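In what follows, chains are A, B, ... by sequence order, proteins preceding strands, each numbered from 1. All values derive from a computational prediction rather than experimental measurement.
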Amino acid sequence: MSALTALTIADARAGLAARTFSARELVDAHIAAVEAGRGLNAFVAETFDHARAGADAADARLAAGEGRLLEGIPLAVKDLFCTKGVRSQACSKILEGFAPPYESTVTANLWSAGALMLGKTNMDEFAMGSANVTSADGPVVNPWRRRGEDKPLVPGGSSGGSAAAVAARLCLGATGTDTGGSIRQPAAFCGIVGMKPTYGRCSRWGMIAFASSLDQAGPLTRTVEDAALMLQAMAGHDPRDSTSIDRPVPDYAASLTGSVRDLTIGVPAEYRMEGMPAEIEALWADGVRWFREAGATVVDISLPLTRYALPTYYIVAPAEASSNLARYDGVRYGLRVEGDDPAEMYARTRAAGFGREVRRRILIGTYVLSAGYYDAYYLKAQKVRTLIARDFEAAFESVDAVLTPTAPFAAFAIGEKMDDPIAMYLNDVFTVPASLAGLPAISVPAGLTADGLPLGLHLIARPFDEPTLFRAAGVLESAAAFGHRPPAPGEAEAA
Amino acid sequence: MSIDRDTVLRIARLSRIAMEEDALAPMADELNGILAWVEQLDEVDTEGVEPMTGAIAAALPQREDSAEDGASTDDLLANAPDADDGFFVVPRVVE
Amino acid sequence: MSAPGYRIQGREGEWEIAVGLEVHAQVISEAKLFSSAPTAFGAEPNSQVSLVDAAMPGMLPVINRHCVAQAVRTGLALEAEINLTSVFDRKNYFYPDLPPGYQISQYSRPIVGRGRVVLDLEDGAQRTVGITRLHLEMDAGKSIHDRRADATCVDLNRAGVALMEIVSEPDIRSPEEAGLYLRKLRSILRYIGTCDGNMEQGSLRADVNVSVRRPGGALGTRCEVKNLNSVRFVMKAIEVEAARQVELLEDGGAVELETRLFDPDRGVTRSMRSKEEAHDYRYFPDPDLLPLTLDPAWVDAERARLPELPDVRKARFMADHGLSAYDAGVLVAARGIADLFDEVADERDAKRVANFIMGPLFGALNRAGIDNEDCPVPADALAALIDRMADGTVSNQGASTVIQTVVSTGRDVDAIIEEKGLRQVSDAGAIEALVEQVIADNPDKVADYRDGKTKLAGWFVGQVMKASGGKANPRAVNEALRARLDG
């Protein structure tokens with residue numbers, strides 16, 4: 001495997017700018033890696049010709065000294081983003097064959113910053129899942145293994161293909177989307193950085209909707225600095241998205257000063273969950289220690305409604321999804337199963353096109369919005385959501401960031417936790433509260449379990465305070481000095 | 001509140017998702033499991049609390065009233081499972 | 001306010017009706033409510049559809065500022081409360097011409113609250129119909145069932161066009177009042193330019209809620225008759241639906257809350273085929289949109305910008321020009337006509353102007369098949385014609401001919417008068433010569449007249465007019481004859 005695939009985005013930028021290697025060489029190395037890594041099932045579409053053509057154009061720009069922020073950087077794109085002329089199916093059978101005549105704002109922003117698309121990555125169907133096992137394109141294999149075992153593990157989800165691809169060095173970075181933890185939890189499972197910005201920071205235009213009030217795009221990368229660079233290109237106001245916020249995008253990489261002496265980090269007691277593995281508790285304590293050693297003030301805080309976040313999420317998100325997914329009816333695009341009248345055609349199409357978890361969530365969402373139940377479920381959940389957001393507001397009066405574990409356990413084997421939806425939902429117990437409150441959050445790889453699997457620590461910051469989030473995450477990253485890498489697919493075979 | 005077989009049938013119809021007869025009862029069990037779990041929200045006092053209507057506090061942006069060309073009819077119909085002479089085609093609606 | 005007299009005579013006494021209307025008015029705008037696709041009527045199928053209207057994956061709505069302003073203006077014109085915060089909800093249902101599987105509408109928090117419309121009854125009395133609410137929503141596309149025998153074709157050109165749903169209280173007590181209400185509402189919408197009111201093209205459609213009760217009793221169960229596209233159908237549908245309910249009740253039956261369709265050919269309403277299951281629209285706030293907030297200063301500015309509305313104008317026409325309530329009401333109904341009257345009546349004989357507009361002008365428009373609203377006659381042309389009548393240049397009859405030509409050709413009034421030879425002869429010498437000639441030719445009649453058969457005066461006028469080829473000014477002829485015969 002080429003050393004080019006082991007670079008960070010920051011290093012690759014420097015190398016490209018110095019003409020140490022060309023964008024074409026960088027892209028070719030990654031194409032080889034993607035080909036070697038097909039066994040992970042991380043990619044559902046490969047766009048190598050696009051990437052190569054773009055690389056040549058990037059080299060011309062770089063030669064002319066006109067390289068842009070991500071000039072020549074090969075990335076992967078979650079299949080939830082609409083990419084013009086390229087399959088965009090949310091890994092659902094119901095969008096079979098769908099190639100949109102438009103490009104999502106986030107990916108368009110990346111391309112106009114010079115980035116190149118290697119392909120589309122696998123994901124849980126419509127981003128509904130936490131293990132990448134609900135994909136119509138089959139499960140993704142985590143490049144990590146338990147020490148001494150060869151049992152394939154899940155990469156987390158829903159951005160499992162993106163996380164696996166970045167961890168296995170098939171691309172320098174990837175886009176993900178996070179509704180309740182779909183960037184951060186797979187990042188933790190795969191030992192990489194996953195960042196969800198403030199709701200409204202990245203445009204949702206052209207991103208296939210799961211739950212509109214929660215969905216946010218974000219980067220998956222191998223370093224905090226890379227996440228800052230990618231977000232820099234992805235973020236920005238978009239007048240085509242009514243929930244996109246019109247405020248300037250700060251220089252995120254510049255916020256990585258390495259100092260947290262002026263910061264107060266809050267540790268919420270309520271995240272100490274019953275039955276959480278001791279090694280996660282221990283890692284969390286390490287995180288506290290690292291921040292103290294770096295000069296930050298660490299205080300205990302209370303977020304009393306934390307335990308209600310997950311049930312709130314599992315009312316709000318399915319409710320929105322049940323409506324967002326009504327457009328998949330076999331009329332204008334995607335799968336159609338014929339019927340004698342439209343109602344029958346719809347019912348057959350949607351039964352055949354949606355997988356089990358998606359159908360389950362549509363049914364739950366339909367139920368909680370239906371006459372007689374709306375107040376008891378949906379309205380109640382949106383009120384609790386207000387209280388959860390208030391919890392954070394109160395906490396942020398005295399702290400600058402909140403430190404928690406990213407997930408209550410490490411990656412598990414494909415096939416586990418499949419029988420009990422609630423057990424699967426618990427994956428997101430620590431990531432969902434920030435989603436409900438619309439707050440920026442990041443998972444940083446911080447340690448390994450006893451059997452050698454990565455664990456992440458999770459930071460949450462105030463709305464639009466991504467600079468503080470990146471700054472704290474950078475310090476955490478340095479202190480944790482994670483440094484572990486799974487074998488790249490080629491290496492594994494060679495070994 | 002508990003979901004029975006008929007309720008599953010009703011919401012499946014509302015959702016336009018065909019379900020086999022023998023799938024109704026197991027789905028009712030699954031949904032009841034989830035509902036029993038989310039009903040812990042009843043413990044939270046939400047008296048006088050406004051429901052959240054958006055994850056961000058901002059004013060609704062408004063667009064100017066200028067018409068641009070719509071998508072080209074070809075683009076619009078390019079992905080359609082059935083189209084005829086500029087129209088989307090669906091099975092006959094029985095009124 | 002007198003109790004209106006509409007009663008249905010049942011076998012067992014009288015019934016009265018209570019009717020409320022839900023009017024869907026298409027907002028006049030260039031672009032759609034949540035997309036930038038154009039709104040023009042009658043384009044090629046699926047040629048005015050944005051990716052948003054087609055609900056392509058990942059597409060998002062952004063509201064049209066002008067449509068918001070149009071709804072607020074309409075609310076202000078209905079003297080209604082403007083809600084400074086309103087919310088857009090999704091109304092979820094599946095239909096092939098509803099691409100997202102939901103309609104973006106306003107459910108619990110509409111942009112406009114309670115208002116009113118004042119009706120002018122034929123006897124000069126007034127009745128107030130309460131407005132419950134007005135909200136903004138998007139239209140669906142069109143399903144075409146008669147194009148293919150085996151399938152339904154879907155055209156999304158209308159999908160996403162902005163509609164205002166204007167809901168009245170059940171204050172309407174007769175089919176006639178429903179007609180007056182709809183006409184008055186349409187007049188107001190046209191005055192302020194928020195809806196063209198064109199019922200044939202579907203810019204204005206009404207659903208009527210009809211119930212019957214014993215006079216003074218509690219409201220009965222209502223039925224909704226949907227999608228009526230003319231004033232006449234609204235009135236007829238109410239009449240037949242109310243009669244159906246009375247018959248049903250007197251036969252010991254009960255009215256069921258349901259949606260019905262009006263069949264204009266057979267003059268009956270019929271139940272819509274009962275759906276597999278009751279609708280459950282699962283309204284919830286659209287998470288793609290935030291609450292719509294309005295600046296009170298902006299609302300005040302919109303209020304100040306409103307044109308003079310029909311009721312105020314009517315009162316002014318009565319006060320300033322001494323018109324009857326009826327005449328003033330007729331003149332203000334169409335804004336174009338009221339504007340015409342305003343310009344021409346000033347410094348002229350207002351009653352003459354009013355009579356000419358309501359008589360010959362309306363007749364000419366009617367003959368030409370032109371809606372009063374679209375009257376093409378410019379104010380200076382009407383003013384010139386009124387002046388030619390006043391100074392005797394043309395007769396009333398001649399002026400009627402002239403206005404027809406103005407309506408159909410738009411040509412200059414004086415040119416028409418000359419070309420058609422409608423100029424009256426008022427020259428005293430010429431008329432006296434004609435009078436002399438007639439007297440000389442009819443010595444017997446002159447003798448009879450002078451013997452007391454003064455009724456012959458009319459006959460003499462007729463002879464002189466005839467001799468003049470109809471061009472003599474009748475008043476001048478009359479005066480000259482009397483001077484000669486009586487003198």
Max heavy-atom pair count under 4.5 Å with chain B, selected residue of C:Ser50, C:Cys153, C:Gly141: C:Cys153

Over all atoms of both residues, closest heavy-atom pair of C:Leu51 and B:Ala71: CD2-CB, 3.9 Å

B:Ser15 side, atom OG; C:Arg282 side, atom CZ - distance, nearest 0.5 Å: 6.0 Å

CG-CG distance between B:Leu14 and C:Asn92, expressed to the nearest 0.5 angstrom: 9.5 Å

Toward chain B, the part of C:Leu33 with a non-hydrogen atom under 4.5 Å: backbone

Residue, of C:Ala149, C:Pro96, C:Ser35, that accumulates the most heavy atom pairs under 4.5 Å with chain B: C:Ser35

C:Tyr107 OH: over 12 foreign heavy atoms closer than 6.0 Å: no

Residue part contacting chain B, namely of C:Phe284, when any heavy atom lies under 4.5 Å: neither

Over all atoms of both residues, closest heavy-atom pair of B:Glu68 and C:Pro38: O-CD, 3.2 Å

Distance (rounded to the nearest 0.5 Å) between C:Thr152 OG1 and B:Phe87 CZ: 11.5 Å

N-O pairing of B:Asp84 and C:Arg148 below 4.0 Å: yes

Minimum heavy-atom distance C:Ile63-B:Pro61, with the two atoms named: CG2-O, 3.6 Å

Spacing of CE belonging to C:Met56 relative to CG belonging to B:Asn79, to within rounding of 0.5 Å: 5.5 Å

Structural part of B:Thr73 lying under 4.5 Å from a heavy atom of chain C: both

Closest-packed option against chain B by number of heavy-atom pairs under 4.5 Å, given C:Arg65, C:Gln48, C:Glu44: C:Arg65

C:Pro291 portion near chain B, given a 4.5 angstrom heavy-atom threshold: both

Which atoms of C:Val68 approach chain B - backbone, side chain, both or neither, heavy atom under 4.5 Å: side chain

Option in B:Leu60, B:Asp65, B:Leu77 with maximal non-hydrogen atom pairs under 4.5 Å from chain C: B:Asp65

Region of B:Ala58 in contact with chain C, defined by heavy-atom distances below 4.5 Å: both

Largest heavy-atom contact set with chain B, pairs under 4.5 Å, which of C:Ala40, C:Ala37, C:Ser29: C:Ser29

Contact class of C:Ser47 relative to chain B, heavy atoms under 4.5 angstrom: both

Evaluation steps, side chain to side chain contact (heavy atoms under 4.5 Å, CB included), between B:Gln62 and C:Asn64: CA-CA 6 Å; B:Gln62 300 183 29; C:Asn64 182 329; over 6 Å; no

Side chain to side chain contact (heavy atoms under 4.5 Å, CB included) between B:Val90 and C:Val154, intermediate numbers included: CA-CA 8 Å; B:Val90 296; C:Val154 180; 4.2 Å; yes

Spatial distance of atom CZ (B:Arg92) from atom NE2 (C:His145) [nearest 0.5 Å]: 7.5 Å

Portion of C:Asp155 that has a non-hydrogen atom of chain B nearer than 4.5 angstrom: both

Trace of the side chain to side chain contact (heavy atoms under 4.5 Å, CB included) decision for B:Arg63 with C:Ser36: CA-CA 9 Å; B:Arg63 183 170 45 79; C:Ser36 57; 3.9 Å; yes

